[in-house]
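Remarks on the structure that follows.
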Amino acid sequence: MRFLRTFSALALLIGLSQAASAQTCTPKVPGSSLIEAPKWQMSINPTLPPQQFVDDKGEVQGLNVELAREIAKRICVEPVFLRMDFPPMIPALRSGRFDTINTGLFWTEERSKMLYLVPYAQQAISIYTDPTSSLKLEKFEDLAGRVVGVESATYTERKAREFNTEMVAKGLKPIELRTFTTVTATSAALRAGQLEAALNINETANSLEQKGIAKIWVRDIAGTDITFAFRDKLLAQAFADALTAARADGTYDKLFDKFGMTKLKAATFAIRGDGPSN
C-alpha cells in the first residue's frame, strides 16, 4: 500500500510538472497564424526517401518529418502531418486547407510570389535506369528519343520539359516524358520495361540505388534550393528563426548528416522572395 501511495504521488507530481511545463511553453506565433491553433498542419507526400517516407509500421519518417518536429518544439506548436499527393498541394495551401507544405518544394520565382518560402536544403536531379538496363547515359541529351518517367507537377518535370524544348530546338529527337504521381509508380513502370529511364531528386535516386532497384548515370542536374512553404508570413518567419537556432546548436547538421541530405551553407535562414501580394 505504501508503495502504491508513493507511486501515485510520484505520478501526480510528474503530471503537474508536465502541465506546468506546457503552460510555460509560449507559442512563438499568434493563434491567427495557424488554421487550428496550436496545431501546425503540414501536407506531406511520404514517397521520397530519405526526405519523407512511410516505415513498416505505416508511420511517416525522414528528414522533413524530424526537422518539422524539432522546429515544432522550438516554436511550441503541435506538428500534424497530412498525407496527400503533391499536385494539389499549392492550391490547397493557398485556399487555407492547412498551414505549410512540407515536401521539399523547389524554390522558383513564380512560387515565391504565391507563398512564403523558406529554403532549408539543396537538391538536384539524377537520371537513372533499371539496374539490368543496357542503356548507358552520360548527359541529359542522351535521353533524346527515349521514354522517360518523372513525377507530375514537380520541379523535376518542369526542368525536364525545359531541357526537352532546348534539345528539340537544337535538332535532337524529343523525349517522351511519362508522368506518375509517386516514385513508387515510376519505379514499377521502369521495372516493367515501360520506361527506358527515369528522373528524380538526387537523394531519392541514391536511396533507390542503395536498395538495388536503380542505376544512377547522371547526378547534380539543375541544383537549387528546396523549401518549406507557408501561407502565413509570421509562421514562416518563426520557422526561419527556429531553424537558425537549430543550425547554431548543431541540431540541423546532425539531422542532415543522419539522412545524407545536402545542407545549405548559410548560417542563418530567412524567407526568400516577397511572398503573396495580398
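The analysis underlying the following values was restricted to heavy atoms, covering all of them including side chains, and did not include hydrogens, waters or symmetry mates.
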> Could Arg272 and Asp225 be called an ion pair, given the rule that one side-chain N must be under 4.0 Å from one carboxylate O?
Replying inline: yes
> Side chains of Arg69 and Phe81: does their closest heavy-atom pair fall under 4.5 Å?
Replying inline: yes
>> Under 3.5 Å, is there a donor on one side chain and an acceptor on the other for Ser112 and Trp107?
In response: no
> Does a side-chain N-to-carboxylate-O contact under 4.0 Å join Asp99 and Arg231?
Replying inline: yes
> Does CZ belonging to Arg74 count more than 12 external heavy atoms closer than 6.0 Å?
Replying inline: yes
>> Are the side chains of Leu264 and Phe269 in contact, using a 4.5 Å heavy-atom criterion?
In response: yes
> Is it true that Glu162 and Arg158 have a side-chain N and a carboxylate O under 4.0 angstrom from each other?
Replying inline: yes
> Which word best sums up how the rings of Phe230 and Trp40 line up, parallel for under 30°, tilted for 30 to 60°, or perpendicular for over 60°?
Replying inline: parallel
> Other than Leu234, what residues sit in its cluster of Ile, Leu, Val, Met, Phe, Trp and Tyr side chains whose heavy atoms are under 4.5 Å apart, directly or through others?
Replying inline: none
> Can Lys254 and Glu66 be counted as an ion pair, charged N to O under 4.0 angstrom?
Replying inline: no
> Under 3.5 Å, is there a donor-acceptor pair linking the side chains of Asp241 and Gln237?
Replying inline: yes
> Would you call Lys136 and Glu138 a salt bridge, using N to O less than 4.0 angstrom?
Replying inline: no
> Can you find a heavy atom in the side chain of Ile216 that is under 4.5 Å from one in the side chain of Ile127?
Replying inline: no
> Would you say the side chains of Gln123 and Asn202 form a donor-acceptor pair under 3.5 Å?
Replying inline: no
> For residues Asp249 and Thr251, is any side-chain donor paired with an opposing acceptor at under 3.5 Å?
Replying inline: yes
> Taking all atoms of both residues into account, what is the closest heavy-atom pair of Tyr155 and Ala222, and its distance?
Replying inline: OH-O, 2.9 Å
> So Asn45 and Asp85, side-chain hydrogen bond (donor to acceptor under 3.5 Å, both in side chains) or not? Walk me through it.
Replying inline: CA-CA 5 Å; Asn45 63 330; Asp85 291 336; over 6 Å; no
